[in-house]
Amino acid sequence: MITEQLQFEIEKISQSRLHGLEEDSLQFGKVFTDHMFVADFIDGQWTNMKITPYKDLVLSPATSFIHYGQSIFEGLKAHYGKDGDVFMFRPQANIARMKTSAIRMCMPPFPEDIFLDALKTLLSLDKAWMPKKDGSSMYIRPFMFGTDEFLGVKASDNYRFMIIMSPSGSYYKNPVKVKIETHFTRAASGGTGSAKAAGNYAGSMYPAKLAAEEGYQQLIWTDGKYHRNIEESGTMNLMMVIDDVLVTPKLSNTILEGVTRNSILNIARDWGRKVEERTVSVEEVVEALENGKLHEAFGVGTAATIAQINTIGYEGKDYELPAVADREFSNKISTYLEDYKRGRVEDKFNYLVKID
Ligand code: COI
């Protein structure tokens, strides 16, 4: 349990809602633990900081974020480790990214030390909700939104920051079929693409729906101007093994800086792999697909960790990728990350935060 002096109150649930987790049928993001963290930004400061029982929100219909989308979020995970320990994976990276998102969306960053304490305390309180099986995790969702009751278009003066937690199974059960999108755009240069802003996800849903009607589970997004260069895949960063090189689009203001992306690049470099973060053109990818040089393609993100891609569609033609079982790099890193997050290998990069 937390022993240090916390800057927020804790109101514990009188009776836990937990009646066994049924881990075999656990889906992503469908059940929520007993407690949540709440704080309000009022009169220029963060106040009303509290852990309370998980409950519904009561909001005015005029609440500003509903109308104008000043809303950001994060996603991070905790895992059940050997000897019953619970580890969070790189929470400081998500806390830092949420600050970047807040600044871009004209919102007040939440104090980083209290953020980390809130995460640790929630996990400690709701430890009984931790799923244990490999592939499962506690998915943690911090989020913040503007709460002014006002219909004028301006940055809200008031905000709510919250953290909820969801014991989750894997995000994708099978490899995905994706289509290179050459009409719609996820993010334009100078826009909000590198922030984890709710609206980025809203805008991606219609193109994703059209692609689903053609049988594709996800899109590979391309640059907003000419659709010549690869950017992201669905809600994830994209990585490929072309020849023997691990290739991923370089960061820009249209690409979200993924924590999983960064972790994989660090580990791959440590393993001595050839890694390239650079502009990746659609032309190059299609050529590599045609010449059998594209050996692996996968999305990387917190929710799925590694989402294998088995088919890439481009201009009406579907290219099949090598069998997932034959993918040396992504299978190896997937196993390593699972072991790493559960404390089964050395914490070489200082990524784990153990929960007391
Ligand atoms: C992730 O891959 O972690 C995401 O951002 C997806 C999430 C919005 C469910």
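These numbers come from the heavy atoms of this one structure, side chains and all, not from hydrogens, waters or symmetry mates. For ligands, and for the atoms within them, numbers begin at 1 and follow the listed sequence.
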| Which heavy-atom pair separates Phe115 from Pro142 by the least distance, and what is that distance? | CZ-CB, 3.6 Å

| Of all heavy-atom pairs between Asn253 and Ala188, which one has the smallest distance, and what is that distance? | OD1-O, 4.4 Å

| task | Report the residue from Phe73, Phe145, Phe150 that forms a ring-ring contact (aromatic ring centres under 6.0 Å, His included) with Phe65. | result | Phe145

| field | Within 6.0 angstrom of Glu9 CD, more than 12 heavy atoms from elsewhere | value | no

| request: Compile the protein residues with any heavy atom at a distance under 4.0 Å from an atom of ligand 1; present them by chain, then by number. | output: Phe28, Phe73, Arg141, Tyr171, Lys196, Tyr201, Thr235, Met236, Gly301, Thr302, Ala303

| message | Assess the residue pair Asn331 and Val324 against the criterion (side chain to side chain contact (heavy atoms under 4.5 Å, CB included)); give the C-alpha distance rounded to whole Å, side-chain angles, the decisive distance to 0.1 Å, and a yes or no. | response | CA-CA 8 Å; Asn331 286 324; Val324 169; 4.1 Å; yes

| said: Quick check: do Tyr159 and Phe110 have side-chain heavy atoms less than 4.5 Å from each other? | reply: no

